[in-house]
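Because only heavy atoms are used, hydrogens play no part in the values below, and waters and symmetry mates are left out as well, while side chains stay in.
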Amino acid sequence: MISTAIYTKTQGGPAMTVKRMGALLLAAALSAALTSCGKPAEDPGSGSGGEISSQEPSVSVIAPIDPEPEPVYPYHNPLTGEGLEEDISGQRPFAVMLNNLSKALPQLGVSQADVIYEIVAEGGITRMLAVFQDIEGVGDLGSVRSARDYYVSLACGHDAIYVHAGGSPQAYDALQGWGMSYIDFVNGPYGDMCWRDPGRRKTAGLEHSLLTSSEKMLDQLPKRIEREHDQDFQVGWSFSKEAPAGDQQHVTWLTVPFSHYKTGHFTYNSDSGLYMVEQHINGKDIPYVDGSTGQEVGFRNVLVLYTDVAQINGDSAGRMKVRTTGNGEGLLLRDGMLYEITWQRDSRNDCLSFLDQSGAPVSLGVGTSYINLVDTSAEVSWG
């Protein structure tokens, strides 16, 4: 707006200031602005009493998005029930004997095991047998320890390639008498498949420092060792995402005493659906960690199988005998629930079977399993 008055002349009429003309133009502009700011416009055909439009502003509607369907796989891992794009059920697993002495921890490669068995050995210590249906890409494994006949028996039930470093007299009788496929890093020509870790050799000692790897074993596996199962071999385990029928208890923790030296602790993580493992060894609580990743290891299923465990009469080293065939009572933990089960195994060539109280197969949760074999007198607790 021009603030200085400027006069002009019109033909046949009085003079008008540009200032007044600008004021009129400003009023017209304000009126238009009010109309554009939401004041309803008059209907041209209704005069000054025009009706207000009742039309509501349009609202965008977002269509709901359907959840992605779960993938359907043509094959499954026979030890976990997990879906796979290729069939690996016909290949023989590797069963690796692992050291569990406190100074030899952490173990390597255990987070990728499909199944871990734990049983007491002489002196109250325990050892683990880690079973890998497909060992390719697992990486370093260890430390590898000596065989016991009851571990050989469990590996035999999986028709597995058994990996160890030495063994008891009873273990060698089993390995040789049962026609097992085995890789012995102490009494066999397999030096190129393993090595001594310098750090472990210094801190834990020579016998606790032996490592191997999936790459070395696969690259140098002897041709005499067959890689495929016979056609009639079956693991026989069943898996489901739904909880089994029957009596159950809500349980968040489980304690498994093996001996005065070792007790296992399992705690349920509801976010992951896994049971996280902690070991109480020689007075210390030690999380069960994979040394390759630094991560604590969890399992979808935890089983406790009660059996007969005793020291071998006259054995100067205090070695144990453990019954791995026949039947017995047991416990299954999955999805935060505890089920009382039974186990059965007719011969060393069979896998363990897990049954409900009616004798029907009980389904494991889809995923990995940790199987504890303890004496019938073991005071296992939970809550």
Restricting to ring-ring contact (aromatic ring centres under 6.0 Å, His included), what partner residues turn up for [X], sequence neighbours left out?
X      : value
Tyr339 : none
Phe354 : Trp237
Tyr288 : none
Tyr151 : none

List the atom pairs, with distances to 0.1 Å, where a side-chain N or O of residues 123-133 and a protein N or O form a donor-acceptor pair under 3.5 Å, not counting sequence neighbours.
{"unit_1": "Thr126", "atom_1": "OG1", "unit_2": "Asn100", "atom_2": "ND2", "d": "2.9"}
{"unit_1": "Thr126", "atom_1": "OG1", "unit_2": "Glu118", "atom_2": "OE2", "d": "2.7"}
{"unit_1": "Arg127", "atom_1": "NH1", "unit_2": "Ser146", "atom_2": "O", "d": "3.3"}
{"unit_1": "Arg127", "atom_1": "NH1", "unit_2": "Ser146", "atom_2": "OG", "d": "2.9"}
{"unit_1": "Gln133", "atom_1": "NE2", "unit_2": "Ile88", "atom_2": "O", "d": "2.9"}
{"unit_1": "Gln133", "atom_1": "NE2", "unit_2": "Gln91", "atom_2": "O", "d": "2.9"}

Q. side-chain contact (heavy atoms from CB on, under 4.5 Å) with Asn301: which residues, sequence neighbours excluded?
A.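 Asn301: side-chain contact (heavy atoms from CB on, under 4.5 Å) contacts with Leu303, Leu332, Arg334, Leu364, Ser369.
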**Q.** Contacts of Ala360 that satisfy side-chain contact (heavy atoms from CB on, under 4.5 Å) - sequence neighbours left out
**A.**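 For Ala360, the residues satisfying side-chain contact (heavy atoms from CB on, under 4.5 Å) (neighbours in sequence not counted) are Asp356, Ser358.
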If only atom types and distance count, is the side chain of [X] paired as donor or acceptor with the main-chain N or O of [Y] below 3.5 Å?
X      : Y      : value
Asp290 : Val110 : yes
Arg345 : Asp350 : yes
Gln107 : Asn99  : yes
Ser214 : Gly139 : yes
Asp184 : Gly166 : yes
Arg348 : Thr325 : no

Does [X] have any salt bridge (charged side-chain N to carboxylate O under 4.0 Å, His left out) partners at least two apart in sequence or in another chain, and if so, which?
X      : value
Asp375 : none
Arg323 : Asp308
Asp315 : Arg319
Asp247 : none

Spell out, yes or no, whether [X] and [Y] are grouped together once hydrophobic residues are joined by side-chain heavy atoms under 4.5 Å, including indirect joins.
X      : Y      : answer
Phe299 : Val304 : yes
Ile161 : Leu98  : yes
Val302 : Val277 : yes
Leu218 : Tyr162 : no
Tyr306 : Val120 : no

Under 6.0 Å from the [atom1] atom of [X], do we count more than 12 heavy atoms belonging to anything else shown?
X      : atom1 : answer
Glu228 : CD    : yes
Glu340 : CD    : no
Glu136 : CD    : no

Minimum-distance pair of heavy atoms, taken over all atoms of [X] and [Y]:
X      : Y      : answer
Asn269 : Met276 : CB-CG, 4.3 Å
Val138 : Gly109 : CG1-O, 4.3 Å
Ser238 : Val362 : OG-O, 3.5 Å

Q.
So if I apply the ring-ring contact (aromatic ring centres under 6.0 Å, His included) rule between Tyr275 and each of Phe266, Tyr268, Trp382, Tyr370, which one comes out positive?
A.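 The passing option is Tyr268.
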Q | Arg92 bridged to Asp159 by N-O distance under 4.0 Å | A |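 Between Asp159 and Arg92 there is a salt bridge, with a charged N closer than 4.0 Å to a carboxylate O.
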**Q.** Short N-O contact, Lys241 and Glu70, less than 4.0 angstrom
**A.**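 Salt bridge: yes.
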Q.
Below 30° counts as parallel, above 60° as perpendicular, anything between as tilted: where do the rings of His164 and Tyr172 land?
A.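 Correct class here is perpendicular.
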Q. Is it the case that Ser153 and Thr324 place a side-chain donor and acceptor less than 3.5 Å from each other?
A.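 Judged by distance alone, the side chains do pair up.
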Q. What's in the same ILVMFWY side-chain cluster as Trp195, cut-off under 4.5 Å, chained through other members?
A.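 Once heavy-atom contacts under 4.5 Å are chained together, Trp195 belongs with Leu108, Leu211.
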Q) Pick from Val256, Val380, Ile341: which one makes a side chain to side chain contact (heavy atoms under 4.5 Å, CB included) with Leu331? A)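 Of the listed residues Val256, Val380, Ile341, the side chain to side chain contact (heavy atoms under 4.5 Å, CB included) partner of Leu331 is Val380.
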